[in-house]
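Only heavy atoms go into these numbers, but all of them, side chains included; no hydrogens, no water, no symmetry mates. Just so we're on the same page: letters track the sequence lines, and every chain starts at 1.
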Amino acid sequence: MIRKEAIEIISTYAKNNPIVSANGFISRDLFEIKDKESNFYMIGSMGLASSIGLGIALKNPKKTIFVFDGDGNILMNLGSLVTIGSLRPKNFVHIIFDNNIHESTGGQPTNISKINFETIANATNFKTFKITSKKELILTLKNLRKFSGPILLHILILPSQNTSKRITISSKEIRNRLITSLIK
Amino acid sequence: MNESIQRQIFHYLLDKKIENFIGVPDSTLKYFIDEGLKNKKIIITTREEEAIGIGVGMTLSNSKSLIFMQNAGFANSLSTITSLVQLYEIPLIFLIGWRGYLINDAPEHQKIGKIQPELLKIIGLKSRVITENNWKQGCDWALLENKKKKPCSLVIRRMFHD
C-alpha cells in the first residue's frame with residue numbers, strides 16, 4: 001500500500017473530525033485527496049503534529065482527533081509520546097505512515113526500522129496496532145471504536161513516485177477554517 | 001522576582017482567562033509554576049517546542065494559552081516560533097526566564113543570556129521585561145496583544161545566584 005491509499009481510507013473514516021497532518025508529502029497528499037476545513041496542514045515545525053493534535057484533543061473531548069505523522073516526524077519529537085501517554089486522551093488517534101525514509105527531502109533513511117517502535121508506543125500507554133496491508137487497515141478501522149485512546153496505528157507503506165501538488169491555501173486560511181470547524 | 005509576586009502573576013493571568021500554562025520548568029519562574037501546579041493548570045512537557053505545539057492546538061480550540069520556559073528553551077524554539085506561531089499567527093503568550101542576565105551567571109548561560117534581547121528583536125516577537133514593580137502593566141500589555149491575536153512574550157530576569 002502506498003501512502004495516498006492509506007490516507008484516502010483513513011480520511012474517509014475520519015469524516016469531519018479534525019486531522020492534523022505533518023509537513024512534507026503527508027500534508028500534500030491529504031490536501032490533494034480529501035481537502036476539508038477540519039484538516040490542519042502543518043507546513044513547517046517538523047515533529048509537532050502530534051503536539052498540536054494533543055492540544056486540540058484535550059479541548060475537544062467530543063471529537064476524535066487524528067494525527068497524520070511520518071516516521072521522520074515522530075522520531076523528531078519522541079517525547080511527545082511521553083506527554084500524550086501521561087495525559088491519556090481517549091479521543092486521540094495517532095497514525096504513523098512509515099516508509100522508513102525522509103521522502104520529502106530525497107529519500108534518505110530514518111532509523112525506525114532498526115528499533116522496535118511498537119515497544120516504545122506500548123510503553124507510553126498507547127493501544128498500538130502494526131499494519132502492513134490495506135486489508136489490515138480496513139479491518140483495524142472497523143474495530144477502532146472498541147478501543148479507548150490514545151491509539152497508535154503504525155502503518156508500513158511503500159515509497160511512491162506519485163507526488164501530490166503543493167498546498168495552495170494560505171496558512172491563515174488553514175487556521176481560520178480549522179477554528180470554524182472546531183466550533184461546529 | 002519574589003515568591004509572592006510570582007504567585008500573584010499566575011492568578012492575575014488566570015483571572016483574565018488564560019486557561020492553559022504549558023512548558024518546561026525554570027528556576028527563575030519557580031513560584032509561578034508552583035502556583036500553577038497547585039491549581040492543576042500546568043502541563044509539563046519534554047521540550048519547549050512540544051509545549052508550543054500543544055498551546056497552538058488549544059488556542060485553535062478557543063482556549064488561551066501561556067508557554068513558559070527558560071531562555072535556553074527559547075533558543076530551542078526559534079524555528080517553531082517562526083514556522084508555526086508566526087506563520088499561522090497564533091496568539092500565544094510566552095513567559096521566559098532570563099538566565100545569563102547577570103554577567104557572572106553559570107558559564108552555560110552567559111552567551112545566550114547576552115544575546116537574549118537581540119534574539120527576540122531579530123525574530124520579531126514583541127516582548128516586555130517584567131519586574132516586581134511593573135508586572136501588572138506588563139501583563140496587561142500581553143493580554144492586550146493576545147486580544148489582538150498577536151503572539152508576544154514577557155521576560156523575567158534572574159537576579160540571584162544559587
Side-chain angles (χ1 to χ4, degrees), chain A residues 18-20 22-23 37-63 65 67 69 73-74 76-87 89 91-92 124 167 169-184, chain B residues 17-25 37 40-69 73-74 76-94 123-125 146-151:
Chain A
I19 299 174
V20 180
N23 60 308
E37 63 170 12
S38 51
N39 293 350
F40 185 80
Y41 306 109
M42 182 189 79
I43 58 182
S45 61
M46 181 161 171
L48 292 186
S50 57
S51 303
I52 298 168
L54 173 61
I56 297 173
L58 293 172
K59 293 294 169 184
N60 296 275
K62 287 185 180 159
K63 295 179 190 284
I65 313 314
V67 172
D69 229 342
N73 251 279
I74 189 58
M76 198 178 254
N77 186 14
L78 265 185
S80 178
L81 297 179
V82 175
T83 308
I84 296 162
S86 69
L87 294 166
N91 56 336
F92 188 88
T124 49
I167 291 163
I169 52 176
S170 71
S171 50
K172 312 267 157 55
E173 198 177 340
I174 295 169
R175 175 197 65 192
N176 292 342
R177 295 188 334 168
L178 179 73
I179 291 172
T180 309
S181 82
L182 288 174
I183 298 166
K184 285 177 190 167
Chain B
K17 308 289 178 229
I18 303 299
E19 295 175 332
N20 318 293
F21 298 80
I22 314 153
V24 176
L37 285 168
K40 299 194 178 355
K41 293 289 176 190
I42 297 265
I43 296 176
I44 302 283
T45 61
T46 62
R47 287 178 65 83
E48 296 78 7
E49 298 154 282
E50 206 201 333
I52 296 172
I54 297 168
V56 166
M58 291 179 161
T59 305
L60 290 169
S61 311
N62 196 27
S63 181
K64 295 179 174 182
S65 305
L66 175 143
I67 313 297
F68 57 87
M69 59 181 65
F74 170 72
N76 282 346
S77 307
L78 290 181
S79 171
T80 301
I81 292 171
T82 59
S83 76
L84 180 62
V85 179
Q86 293 177 324
L87 180 67
Y88 292 86
E89 278 183 26
I90 308 290
L92 293 175
I93 299 175
F94 291 86
I123 70 162
L125 183 65
N146 190 263
K147 210 174 169 184
K148 291 191 281 186
K149 309 284 182 202
K150 301 287 181 200

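To the nearest 0.5 angstrom, A/Met46 atom CE is 11.5 Å from B/Ser83 atom OG. Between B/Gln86 atom CD and A/Ser171 atom OG the span is 11.5 Å, to the nearest 0.5 Å. Rounded to the nearest 0.5 Å, atoms CE (A/Met76) and CZ (B/Arg47) are 10.0 Å apart. Of the inter-residue distances, the one linking A/Tyr41 atom OH with B/Tyr88 atom OH reads 10.5 Å to the nearest 0.5 angstrom. Summarising the geometry, atom CG belonging to A/Leu78 is positioned 10.5 Å from atom CD belonging to B/Glu50; distances are rounded to the nearest 0.5 Å. Here the CG atom belonging to A/Leu54 is positioned 6.5 Å from the CE atom belonging to B/Met58, to the nearest 0.5 angstrom.
Closest approach of B/Thr45 to A/Thr83, counting heavy atoms only: CA-OG1, 4.2 Å. Here the shortest heavy-atom pairing between A/Gly55 and B/Ser61 reads O-OG, 4.4 Å.
Only the side chain of A/Leu182 has a heavy atom closer than 4.5 Å to any heavy atom of chain B. For B/Ser79, no part lies under 4.5 angstrom from a heavy atom of chain A. Residue A/Ile179 touches chain B through both its backbone and its side chain, counting heavy-atom pairs closer than 4.5 Å. For a residue to count as touching a neighbouring chain, one of its non-hydrogen atoms must lie under 4.5 Å from one of that chain's; by this rule A/Ile183 does not touch chain B. Interface remark: A/Ile43 contributes backbone and side-chain atoms alike to the contact with chain B (heavy atom separation under 4.5 Å).
In terms of heavy-atom pairs under 4.5 Å with chain A, the best-connected choice from B/Ile54, B/Asn20, B/Ile52, B/Thr46 is B/Ile54. Contact count against chain B (heavy-atom pairs under 4.5 Å) is highest for A/Ser80 among A/Ser80, A/Ser170, A/Gly44. In terms of heavy-atom pairs under 4.5 Å with chain B, the best-connected choice from A/Asn23, A/Ile52, A/Leu87, A/Asn77 is A/Ile52.
Annotation: side chain of B/Ile43 is in contact with side chain of A/Leu58 (closest heavy-atom distance under 4.5 Å).
A donor-acceptor contact shorter than 3.5 Å is absent between the side chain of A/Arg175 and the backbone of B/Leu60. Judged by distance alone, the side chain of B/Thr80 and the main-chain N or O of A/Ser45 form no donor-acceptor pair under 3.5 Å.
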Stepwise side-chain hydrogen bond (donor to acceptor under 3.5 Å, both in side chains) check, A/Lys59 with B/Asn62: CA-CA 9 Å; A/Lys59 293 294 169 184; B/Asn62 196 27; over 6 Å; no
